[in-house]
Amino acid sequence: DEVLRIVLDSDLPSLDPSQTTATVVTDFGHMVFETLFAMDAAGQPQPQMVGAHTLSEDGLVYTFTLRPDLAFHDGAPVTSADVIASLERFFAKDAIGTVLQQRLAKLEAVGDTTFRMTLSEPFGLTLDVLGKYSPIVPYIYPARIIAGGPDAVITEPVGSGPYIYDAAETRPGSVIVLKRNEAYVPRAEPQDVLAGSHAGSVDRVELLTIPDSQTSVNALMAGEIDMISSINPDTLDQLEEDDAITVATRYPAGETILLRFNNLTAPFNDPRARRAFAMVVDQNQYLAVAAARPEYGKVCKSIFTCDSPYTTDIGSEAVGSLDLEAAKALLAESDYDGTPIVVLQPTDRPGLQAYALIAAQELRSIGFNVELAASDWASLLQRRALKGPQAEGGWNLFVTTASADNMVNPFVNLPGNTNCETSWAGWPCDEAANAIRTAFMNATTLEERKKLADDFQARIFEIMPFVPAGQFVHLGAWNKDVGNVIQGPASPFYGLTKSRGE
Amino acid sequence: MGFILKRLISALPVVPIVAVVIFLLIHAGGSDPARILAGDTATEASVEALRRHLALDRPLGEQFLAWLVQLGKGDLGTSIFYQRPVAEIILGRTGATAALALSAIFLSVLIGVPAGAYAAMRLGKPVDKAVTFFSALGFSMPIFLVAYSMVYLFSLKLGWLPAQGYAPPSNGLWAFVRSLALPALTLSIFNIALFARVSRATVSDMLKQDFIRTAAAKGASPRRILFVHAMRAAAVPIVTLIGTTFAGLIGGVVVTESLFNIPGLGRLVTEAILKRDFPIIQGLVLMTSVLYVMINLCIDLICAALDPRLAR
Amino acid sequence: MSAQTRNWPRAMVSDPLTAAALLILTTLVLLAAAAPWISPVDPTFVDATARLRPPSAEHWLGTDRVGRDILSRALHGARISLSVGALVTVVALSIGVTLGLLAGYVRMLDGIIMRVMDGLMAIPSVLLGVAALMAFGSTPQALVLAITLPTLPEIARLSRSLALTIRTEPFIEAAVMAGTRTPMLLWRHILPNAAAPLIVLASYVCASAIIVEAVLSFLGIGTPSEQASWGNMIAEGRSSFQRAPWVVFVPSILLALTVLSINLIGDRLRDVTDPLRLGGR
Amino acid sequence: MTMAHALASNAAPLAPVLSLRGVTIALPEGADRPHAVEEISFDLAPGEILCVVGESGSGKSATSFAVMNLLARGMNVTSGQILFNGDDLLALPTEARRKLSGQALSMIFQEPMTALNPVQSVGQQIEEVLVIHEPGLSRAARRARMLEMLASVHLPDPAAIAKARPHQISGGQRQRVMIAMALILNPSVLIADEPTTALDVTTQKQILKLIDNLRRASGAGVLFITHDIGVVREIADRVIVMRGGKIVEAGPADQVLNNPREAYTQQLIDAVPPLEPPPPRALPEGPTLLEINRLGKAFGGGFWSSRRVDAVRDMDLRLSQGEVLSIVGESGSGKSTLARIVAGLVPPTSGSIALAHSPHGASSRKQRVQMVFQDPNRSLNPRIRIGASLIEGPMNAGVSRAKALDRSAQLIARVGLDPSALQRYPHQFSGGQRQRICIARALAMEPDLLIADEAVSALDMTVQKQVLELLSELQRELGLGMIFITHDLRVAAQISDRICVMQKGQIVEQGRAVDVFNAPASAYTRQLLDAMPGRGTAA
Ligand SMILES: Nc1ncnc2c1ncn2[C@@H]1O[C@H](COP(=O)(O)OP(=O)(O)OP(=O)(O)O)[C@@H](O)[C@H]1O
Ligand SMILES: Nc1ncnc2c1ncn2[C@@H]1O[C@H](COP(=O)(O)OP(=O)(O)OP(=O)(O)O)[C@@H](O)[C@H]1O
Ligand SMILES: [Mg+2]
Ligand SMILES: [Mg+2]
Ligand code: NI
C-alpha cells in the first residue's frame, strides 16, 4: 500500500470539526467530509456536493440538488435531511453561519436530494458561506451522528469525503489513519484548490502529531515521513540543504500577528493608550521571529491581509511610526496611572511567547509598567476569558496570529469585530465600525465594498482595538516525490500524490 | 501467604488517597477543557454550551461523585478531546511506554550494575574513579542533547536506526527493537548512571561483609565472589531500585517520548494536563497508582525470595 | 580513619577531582551572585532583529531567539538555577527528613506518613509538578514546590530506613534512658548519624532539581521566559538547536558542570564523613 | 593431661605442615602502628592444636589472614616466608594460592552468622567448596558429600539443615556448618579464629570437642585463635602468646599456662576469673529496691505474626539496695529483655515492676535506672563529644549546665580517664575506655539501680578484669543496686551477691553465688557449670 505520512502543526483538539475553531482540524476535515460548495483558486465558491442549483429572480430562493452517487462512509446515501441537519448545526456553531441564519426564512427538503433555502433578504455571500473553508466549516454529516444536538460532540467521524477515518488504527494524540474511500465518486472537473475533484491518490494517509519540531525534521530527512505541514522557521537552513526535500509555503496569503488589547479595562479602555502603543510597534521585530527569511515576512499596516483585494493603507500611519517621544506624550495624555499591566504569555507556544516578550519591551519603552503573565496555553485561555481589571485576575494584552481567512474583509475580520461583549476576546465596542461592517455585508458591488472596506479600516485604526504586527507565511516541507501540493487559501491533502520509488 | 496479604492491605490505601489528591489538584487551577476544545477564536457562547454539554459546569463534588460512580461500574470515563473511552486510550499508549521503560531498565541493569559492581571491586582505583565520574556525568547530560546527537549519528549519518516513531511488536520483532534502540539508550543514560552508582555503593558494602571473606577462604575466584556472593546479596537494594525506577519512568519518559515521537503514557499525561483532559488524567493516575502498588508488591515478593529474612 | 573524619575539609580538597568540582561550583556561585554587576548587558533586552547571532565581540556568547545576550542570561540564569537547586534541597530535605525520621522513630506516625508518601510517589512526578504549578501559578514558590513534592517520598523513605536502623543502636537507648525527648533525640542523635547517606541524597536532589527545572521549562511550565534560567534557556534554544547550537550549549555546559560538581562533592563528602566507618570491626 | 596432649607429645616429631618464618605484615598508612605483626615465626605440626592468645589487636587475626591470603586492602606481608609443607606460599602465584584455600588450608571464622552468606542455603555454601575445587564432581556426588559432612559434624537431620538458610538455624548449628565447610576437603591446616566467642558455653563446649575429634581423625594441624585462657586450657597442645604484633612467649600448653616465663602471660592468666566464687560478702539486707512480680513479655503474636515468642515468662525477682544480682543463661533466654523492661525501654506484657522510693527523691524510673550496654563501640553517639554525652542526661533532668559539667569531670576522673577525654569523640578511645565512659555516663544520672547487660563480654580478658573491678568498686562506694547480666558464670561468680539462672524466659534457679556454684539445684545450672571451659583440665 502507498502510505503518505504527514505531520500536522499540532494535535487535533477534536475529531468533530464543528466543535473547534482550531485550523488544524480542517486538515482532517477536508479529507473525510465535504461541503456543498468549495472555494477555487480565485476565491469563488464552486459547487461541490451540489450538482445543480438555482436562484430565484428576487435573489431570495435557492434550490439545490445534490449530485448523484454521494454516499457516506457507512454506505448510506447523502440526503436532504442530512444536509439540513448539518447546516443547522453549522448555524448554531459558527458566527458567520449565524449571519446567514439571520437572513434565512426557511430551509426545507424538497426531495431526497433536493432542498430549498429561502432568505428574508438577498444576501450575496450565501454561497461563500456554504463554501466556507476555515473553521467552522459547514461540512455535511449524516443526520444520525449529529442527532444529539449542536453541542454534542461527534464521536464517529463519518463523512462522504475521499478518505475514511480508520478508528481501529488511529491512535488518538499520535496518529490519525485515513484510508482511501474506494466508493468515492469525484467530480469530473480537475482539482482547483478545494473545488473540483477530491479524488484520493494514495491508499492511506497518516496524519501524525510529532511534539518536537526537530524530531519531525529528522524524520523527514530520514525519509520516515513525507511532509511537515508547517515547519519551525529555524529549521529552514537544515531542510534546504537536503536536495530531496522541498520547502515552500502552502498558504501564500499567510498569517497576521495580532496584538490584542482588552478594550474594557484600564488602561486600554482609553484609545489614547492603545494608539500610543500602536505607534511603537515595530513589525520588523515580530517578523524577525516569525519569518524564516525576510522574504517570508512582510510589514503590513493594514487590518486586511496584505495583497488581498481590500488591502489599503488608509490610517496606517497610526501603526509603527516608532516615534517614541510622540508615543510617550500621547500616553501621558491618557488616563494611564502607572499600574502594572498584564501581558499574557503562553509558555507552550514558542512563537507567541517571543511576540509577548517583544510587545512587553515596546510597552515598557514608552513608560508602561508591564507584568508578563506566563502560563500554559490552557491557563491563558482561561484567564483571557476574564473581563475584569488585572487586579481581579484580568489582563490587558495578548498576542496571537490569525490566518488570512480571518482577516481578508470587514465581514470575516475577526479582531475588527466591535460587537462589544459578543465579539472576540478583547471585547471592543464601536457602533460606527459595526455599521460599516453591516453595510459591507449588504453591499452588492465590488466598488461599494472597496469603499466600505477603506472606511472600515480608517475607523478601526482610529479606535485601534488591536495592532497588526506583521504578516508572514508558514513554510511546509515535503519530500520531492510528493506531488500536487496546493498553494492557495486552502491546501487539502487528498489530492497529494506520491511517485513510486525515488 | 500472610505476607502477601499484609503487603497488599498496607499498600491499598494509596489508591484512594491518590485519587482524591489528584482530583483536587488538577481542578484547583480552575482551567477549563471546553475552552481549549473550542479553540482560540471561539465565541463565549459556544464555550459555554460545550461546557454544559461536557458536564463541566457542575460542582466539583458532584463531578467527583459521578466519576466515582462510573469507576464503580468499571468505567474510567471518556476523554473530553478524543471522545474515546479512557481505558482504551490508556491501553493503546501503555505498550510503548512499557516497552521503553522495560528496555531502558534492561539496559541500565545490564550496563549500570556490572559497571558499578566492577568499580566496587576496584574501589579507589582508576577504574572506580572513571565509573564514578561517568556516572556523575550521566546525571548531568541534558537528555535532548543526547537524543539529537544520537539521531544525527545513527539515523541521519549512518542510517542504521529510525529517527523517531514506535513500531509495536506486531510490526515484527526487528522493527520493534530498531524503533526502541535510540530512545531506550537515551533514557538509559541517566539510569545507567543511577544504577552504576547504587550498585557501586551496595556491592562495595557487601564486599566488606564477613561472608565474602568466607568465600575467599574457600578459594573462590574474584569473579565468583562478585557474582555469586556480593551481587546476589546486593540484589535486594538493586531490585528495589529497579522497582522505583520503573514506577518513576512511567512519568519520567515524557521528554524521551516527545523527542522520539513515541506514543506513550508520558506524552499522554503531559498532553492531557496541558489540555485539561480530566478523565484521562484521572484514569492515568489511578492506573499508575495501582501499578505502583503492584510493582511494590512484586518487588517485596522478589526481595523476600532473594532474601528470606525479609519475609518476616 | 580518625584523622580523616576530623579533617574532612582537608580530605575534600586533597582529592583533585573534588577540588576541581569545588572550584567550579564556587566560581559559579560567585558569578551568579555578581551577575547584575558583571553582566555585559541587560539580560532581558530584546532585539529580535539580532536574533541567533553567533558569538561575536558584541555578544561574546551570541544571542538567543529574540536577540537577548546569552552571556548575560547565562549569568543571571545561574541565579535561578542555583537557587532553585539550593532551595529545593533545603525545603525537600527538611520536610522529607523530618517526616522520614518521625515515621522511622515514632511508630505511631509511620503508617500515616508513609501512606501519604506512597500516594505522592504513585502520582507521576510531571503531573505532580504541573498540578502544583497550575494550582499556585507560575511563581518561584510554586516552582520550588513543584520540584520538591515528587522528591519527598524518596527522601522520607531513606530517612525512615536510616532511623529504623539507628534507633536500635544502643546509644539511642542510652539517650532515651538519659531522658532525652523525641525531637532532641531525632535532631541530636539520629540525624547526625544518618548524615552520610543523606548527604549523597542531598547532592542528588540538588542536582536533579536543577535538571527538573529545565525539564519543566521544556514542557513550557518552568521559569517564565522573561527571567533567565538555564532550564528555560535550554528549552527555548532547543527549537533552533541546529541553526544556533550555542544558545543551547552554553546553559547545557554550565548545567552539566554544576550537576557534575555537586554530585562529585556529595560523593566525596559522604566518603569522608561516613560515621559507619568509625570504630571499625 | 588429656589424651590429646599425650598423643601430640609422645608421637615422633612430625615435619610441620605450616611454618611461619619472620613474617612481618605492614599496616596501611595512618594506622596506629606500622606493622600488624613483626618478625613472627612458629611451626604447626599435623594433628596438633596450636593456640594463639593475646589481647585484642595483637595481630592474631592478621597472622591467620596472611596465611589464608585474606589480608585486607593495604595490608601486606612485607618480609618473611609462610611455608606450607615446605613451599613458600608467598612465592606462589595468586591462582595457585587460591587452589590451596579451602582445600589444603581452611578457616573457621568468629561470627558464624555474618560469615555465612545470608541468601544462600547452607548446603549450597558447603557444596561451593566442591564446585570450586573439584569441578568434575557430579551434582549428586557433591550433595552426598555435603550431607555426609553435615552428619559428621553431628548436625541432626542433615537434609533439612542443608536446605535452611543461615538465619533459620541456631548459632551453634551455624558454626558446625562453618566447620563442615572448612573440613569437607580434609585440609592439612585448619585455622580457627575465635570460633566460639559468639556462642554460649554449652554450645562452645560441643564445638571444641568437635574440633578436637576432627583433627585427630584427619590429622590436620589446627591453629586456634582465642582470647579465652579457659578455652586454651581445654584444647591446646602448644600455645603462642602475642602482644603488640610480636610473639612474647611460645611453648607447650602445660608449660605456658602453668609456668609462664613472661609477666604478660601471667597477667593474661590472672585476668581469667577463677572458677571458684569468692567468699560470700555479707548479703546486704537493705530495704527492697526492686520488686518484680509475675512479669511477662511476649513478642509478636499480633494479628499478622504467626510466631509468638515469650521472651520472659512469669518472673518474680527481688533486689535489695546495694545488692548485686547476676543473671546468667544461654543466648535467647530473655536476659536482655528483662533488663530492658526494668529500664523502662520496653513495656511488659503482664506483671508489675516496683521500684522503691528513691532516697534522693529522683523522678522517673527511667532516670533512676541506668544501663551499661554490651557493645562499647555502639553505645556512644559517634558524633557527639564525650563531655556532651555525659551532661545530656543530667541537663535533661534539670541540672544546670555548669553543675553537670562539674560532675562529668569528676566522674571521668573517677573511672580513671584524663579530663581532656571530655573534649574528644568516642572513636578516639579504646573499647575498654569507652566502656568506662559508658559507666560514667550511667552514673551521671545518679541512678539507684545500674543494669550492666553483658557489659564486659566484648572486652578482652585484661580489660574485662579492669572494668569489672571498677564496676564493683563503684557499686560498693555508691551503694547502688546492680543487675549484672552475663553468659559467663565465672564473671557472675566474681561480682555478684546472688546469681539468678534463666532459661527460656524463666528463672530456673537463684541463690547466693557460692551456693549456686557449689550446689547447683537445677540440671540446667549443672550443665552450664560443666560446660565452662577450663574446668576439665583444671580439675
Ligand atoms: N583493615 C585494617 N586496616 C588497618 N589496620 C588494621 C586493619 N585490620 C587490622 N588492623 C590493625 O592490625 C592490628 C592487628 O589486628 P588483628 O585484627 O590481627 O588483631 P587481633 O589480635 O585479631 O585482635 P582481636 O582479638 O580484637 O580480634 C591492629 O592494630 C589493628 O588495628
Ligand atoms: N524486639 C523483639 N521482637 C521479637 N522478638 C524478640 C525481640 N527482642 C527479643 N526477642 C526474642 O526474645 C527472646 C529473648 O531475647 P533476649 O534478647 O532477651 O535474650 P538474651 O538472653 O539477652 O540473649 P543474648 O545472650 O543472646 O543476648 C529471644 O528469643 C529473642 O529472639
Ligand atoms: Mg581478631
Ligand atoms: Mg542479650
Ligand atoms: Ni567469653
Side-chain angles (χ1 to χ4, degrees), chain B residues 1-11 119-125 127-128 202-239 300 302-312, chain D residues 61 64-65 67-74 94-121 124-133 164-168 177-178 181-182 184-185 187 191 193 300 302-307:
Chain B
M1 214 49 230
F3 170 69
I4 299 178
L5 204 67
K6 185 175 168 182
R7 286 296 144 98
L8 205 60
I9 289 183
S10 76
M121 273 183 74
R122 297 265 182 283
L123 226 50
K125 301 267 169 62
V127 184
D128 173 40
T202 48
V203 172
S204 71
D205 272 358
M206 278 308 146
L207 286 174
K208 286 182 207 146
Q209 302 287 314
D210 286 355
F211 65 82
I212 295 297
R213 206 177 46 199
T214 309
K218 285 191 227 174
S221 63
R223 264 206 13 237
R224 189 174 175 92
I225 289 179
L226 183 64
F227 289 109
V228 178
H229 294 280
M231 300 259 291
R232 171 84 199 280
V236 168
I238 293 172
V239 167
D300 283 347
I302 294 174
C303 287
L306 283 171
D307 187 346
R309 288 170 301 174
L310 297 174
R312 282 182 295 171
Chain D
S61 301
S64 53
F65 289 164
V67 175
M68 294 299 294
N69 197 20
L70 293 177
L71 283 175
R73 195 189 303 276
T94 332
E95 200 49 43
R97 275 192 92 171
R98 204 178 295 138
K99 276 234 164 63
L100 289 175
S101 300
Q103 189 165 19
L105 303 161
S106 61
M107 185 154 176
I108 309 169
F109 298 94
Q110 169 171 0
E111 179 53 79
M113 179 69 226
T114 57
L116 288 172
N117 188 334
V119 300
Q120 276 186 346
S121 74
Q124 250 178 321
Q125 296 186 54
I126 296 174
E127 281 185 45
E128 189 181 16
V129 182
L130 301 175
V131 172
I132 294 167
H133 295 288
R165 301 192 192 224
H167 74 274
Q168 291 166 321
V177 169
M178 282 292 296
M181 195 188 293
I184 193 162
L185 288 176
I191 301 177
D193 189 358
F303 180 60
W304 293 111
S305 171
S306 46
R307 215 172 57 112

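Note that the coordinates shown come from a computational prediction; the quantities given were computed from them, not determined experimentally. The sequence lines fix the lettering, A, B, ..., with proteins before strands; numbering per chain opens at 1.
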Side-chain heavy-atom pair B/H229, D/V119 within 4.5 angstrom cut-off: no
Best-contacting candidate, D/M181, D/M178, D/M68, D/M107, against chain B by heavy atom pairs under 4.5 angstrom: D/M181
D/Q125, part contacting chain B, at a heavy-atom distance under 4.5 Å: both
Structural part of D/I132 lying under 4.5 Å from a heavy atom of chain B: side chain
Side-chain touch B/K218/D/Q103, heavy atoms, less than 4.5 angstrom: no
Pairwise side-chain contact, B/T214 with D/F109, heavy-atom cut-off 4.5 Å (strictly under): yes
Most contacts with chain B, counted as non-hydrogen pairs under 4.5 angstrom, among D/Q120, D/E128, D/H133: D/E128
Separation between CD1 of B/I212 and CG of D/N117, rounded to the nearest 0.5 Å: 7.0 Å
Nearest non-hydrogen partners of D/S101 and B/A216, listed with the distance: CB-O, 4.0 Å
Straight-line distance of D/L71 CG to B/R213 CZ, nearest 0.5 Å: 11.0 Å
Sequence neighbours excluded - salt bridge (charged side-chain N to carboxylate O under 4.0 Å, His left out) pairs with any residue from residues 96-109 of chain D: D/E95-D/R98
